[in-house]
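These notes are about the structure you will find just below.
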Protein chains: 2
Amino acid sequence: MLNGRQVELLKLIVEDYIKTAKPVSSKAICDTLNCSSATIRNEMAALEEYGLLEKTHISSGRIPSEKGYRYYVDNIMQPKELTGEDMLKLQTIFQNSSLVLDDYITKSVEIVSEMTNLTAVILGKSSKENFVSKVEVVPINEHNLIAIVVTDKGHVEHRNLTIEEDVSANDIKQTVDLINKMIVGTQLDEVGSVLEYKIKPIIANYVKQHEALYNAFYNAFNDFTKESVVMAGRKNILMQPEFSTPEKIRDIVSKFEDKQVINRITEEDDGVNIYIGSETEFDDDVTIIKTKYNLNGEEGTIALIGPKRMEYDKAVTLLNYITSNIDKED
Amino acid sequence: MLNGRQVELLKLIVEDYIKTAKPVSSKAICDTLNCSSATIRNEMAALEEYGLLEKTHISSGRIPSEKGYRYYVDNIMQPKELTGEDMLKLQTIFQNSSLVLDDYITKSVEIVSEMTNLTAVILGKSSKENFVSKVEVVPINEHNLIAIVVTDKGHVEHRNLTIEEDVSANDIKQTVDLINKMIVGTQLDEVGSVLEYKIKPIIANYVKQHEALYNAFYNAFNDFTKESVVMAGRKNILMQPEFSTPEKIRDIVSKFEDKQVINRITEEDDGVNIYIGSETEFDDDVTIIKTKYNLNGEEGTIALIGPKRMEYDKAVTLLNYITSNIDKED
DNA sequence: TTTAGCACTCTTCTTTTTTGAATGCTAAAA
DNA sequence: TTTTAGCATTCAAAAAAGAAGAGTGCTAAA
């Protein structure tokens, strides 16, 4: 469909526009392509015909259309090598094994946003791949306990238990022992149903004040789906010239605060996904690049949010690098 | 210094400006004060003389100066009753005892920002008032353990331990028993020094491979000062007309992302504090109202960030209400 | 197929004009 | 002494007009 020169031209226009944010004129190209501006104009008209380029007004230079970006991303763009410096920065996180997961994620998201000048988001989920390894209980005072669940992957969850009745220390111990016996090896998201269908029917055999205790544990362990959202570099996208009106900036900031919008980023397929302009829920000038990762059984999504005019090659390479580094850890 | 009518006038101007964000004209006031606009103009000139009012240009209406707001806040403003609806909303959080601290804080900050239309921040700190109640260890695999510390107030911290050498399960048990024996009752921020000065000298007597184990625990327990920042309603302040230029919005968003700036909010004295305009680190059009709280031994600061033109009475009343409700829990 | 040349379009920046809301001041009224 | 009516004056904000310049499309020649 496109001849070689047209492909080259589209590439030049996309990359020039990404750099400058200004419509690209035929004159600006002709040196690089060794022909006159009139020739370029002819080819530009052809690319516009195909819907790959647009004008901002009738006598303006060309900018890539959404379809143009898509063509660039799917057919033209080459993966870009990470610089040694970037690689080094990433290694300092990946190789720091003493970090707790939360800190690990916070650090990563900060470095990624700084490296790309984009807004970075990591959406984490307590994964189904976590199996209960141990349940511990620590009494705080007469009516309050802390219940702690540790999984085989080292994930820790804790909950406050409030028990209205007076219960004996022995009853508590019996309950915890029973729960441990029955629940170790259960997937985190099945804990609730194991409690209900396996433990509830038999707990009366072992524990006197079973009702109060069962209820307390059930309430606490009912739902372990804790989702975490960590963002960094919100300002980066707002500094871009396409977001220079108060309305647009406010709109983006509002979207960043809307948990529903942010959580919907995780939806859909695997691999590295690119959503351009109207394909995002944010704004026609926004592109989102995202990918899923699995870190020690914690599933998550890492997303980069920036202007449609972002450095796609760098962003994609970076995400690929990160996920391949994260996933290979065991 | 000010006569009664001047006080009344200042009050009217501040409150009108808070509502409308438009300079207040003499004409707008004269109905309320039962005199002609010319009389008001005379009084306005006097208040301007005192530095309590300003003009945006030579023939504009008046707006309160920073000093004017300060006078209003310190001398004129009356505490405002919370509406029943607001009170109810707050009760739904305060009375939900099953919430884990994190969720409690997230919920609170959201509701407060929604109620006030301001940006709300809660800065929490693992307090010195937490004393170790129990240390537990759960092995994950040969070289990794999860160490969990529970405090008397129900605060839970966990850390990954990586132990390079092979150590026996018995050694681990001995170490944990020793640590528990020595460390229970220690303040969270003293755990490091107890390890170093009390446990390190004697651990060799109880544990064979004491070095690897001691190091692992020391690294993990060295530092428990975990600070959390939760914000909600960033967009609220940005929607205000004083933040309608891209530069101002971007500046505020950047400040919101600057951990140093945010953490400095916690500095300085107790009680409810009000920082107006240039007294803040944000912007001359910003006011910050903050107060410290102590919730089950977790110390923190709750701050409301909004335009200088905020509803001071409502904000102050709300913060007072919250802290008195939080602090009285035991 | 490519290119030089030219008329034409439209944005952006600057300048001018118009309108109207407020003020300060003066002098008269209370 | 305090209040008020009246009026000239100031300035912001919006609308209108003008000037400059960057780019295009199209035609006709190379």
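Within every chain, numbering begins at 1; the chains are lettered A, B, ... in the order of the sequence lines, protein sequences first and strands thereafter. Since the model is a prediction, treat every value here as computed from it, not as a measurement. The figures that follow rest on heavy atoms only: side chains count, while hydrogens, waters and symmetry mates do not.
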Handout entry: Nucleotide C/dT2, atom P - distance to CD of A/Q6 in whole Å
Key = 11 Å
Practice task
Only counting residues at least two apart or in another chain, list the ones meeting ring-ring contact (aromatic ring centres under 6.0 Å, His included) with A/F256.
Solution key: A/F282
Handout entry: Distance test, side-chain N/O of B/S26 to OP1/OP2 of C/dT23, below 4.0 Å
Key = yes
Please tabulate, for the side chains in residues 50-62 of chain A, all donor-acceptor contacts under 3.5 angstrom to protein atoms that are two or more places apart in sequence or on a different chain.
residue : atom : partner : partner atom : Å
A/K55   : NZ   : A/I58   : O            : 3.3
A/T56   : OG1  : A/S60   : OG           : 3.1
A/H57   : ND1  : A/S59   : N            : 3.3
A/S60   : OG   : A/T56   : N            : 2.9
A/S60   : OG   : A/H57   : N            : 3.3
A/S60   : OG   : A/H57   : O            : 3.1
A/R62   : NE   : A/E48   : OE1          : 2.9
A/R62   : NH2  : A/E48   : OE1          : 2.8

Practice task
Say whether, by atom type as modelled, one donor and one acceptor occur between the side chain of B/E110 and the main chain of B/A232 under 3.5 angstrom.
Solution key: no
Handout entry: Rounded distance in Å - CG (B/L53) to P (C/dG24)
Key = 11 Å
Exercise for the section: On the 0 to 90° scale, with breaks at 30° and 60°, tag the B/Y312-B/Y72 ring pair as parallel, tilted or perpendicular. Expected result: perpendicular
Handout entry: Backbone N/O of B/L12 and side chain of B/D16: donor-acceptor pair under 3.5 Å
Key = no
Practice task
Give a yes or no answer on whether the side chain of B/E257 reaches the backbone of A/K235 with a donor-acceptor pair at less than 3.5 Å.
Solution key: yes
Problem - B/R70/B/E279 salt bridge by N-O under 4.0 Å criterion - result: yes
Completion exercise
As its Watson-Crick or G-U partner within any shown strand, both distances under 3.5 Å, D/dA30 has C/dT1
Exercise for the section: State plainly whether the residues A/D283 and A/K255 are in salt-bridge range, i.e. N to O under 4.0 Å. Expected result: no
Fill in the blank from the handout: So the contacted stretch of DNA chain D, first to last nucleotide with an atom under 4.0 Å from a non-hydrogen atom of chain B, runs from D/dT3 to D/dA12
Exercise for the section: To the nearest Å, give me how far apart CD (B/E48) and C1' (C/dC25) are. Expected result: 15 Å
Problem - DNA chain D contacts among residues 31-44 of chain B, heavy-atom distance under 4.0 Å - result: B/C35, B/S36, B/A38, B/T39, B/R41, B/N42
Handout entry: Touch class at under 4.0 angstrom, heavy-atom based, for B/K27 against every strand present
Key = nothing
Practice task
Not counting sequence neighbours, list each pair that qualifies as a ring-ring contact (aromatic ring centres under 6.0 Å, His included) and has a residue in residues 235-255 of chain B.
Solution key: none
Handout entry: Sub-4.5 Å side-chain heavy-atom contact between B/I274 and B/D74
Key = no
Fill in the blank from the handout: With sugar-phosphate taken as primed atoms, P, OP1 and OP2 and all else as base, the protein-contact string of nucleotides 11-16 of chain C at under 4.0 Å (heavy atoms; B, S, -) is S-----
Practice task
Using a strict cut-off of less than 4.0 Å between a Lys/Arg side-chain nitrogen and an Asp/Glu carboxylate oxygen, indicate whether B/E242 and B/K308 qualify as a salt bridge.
Solution key: no
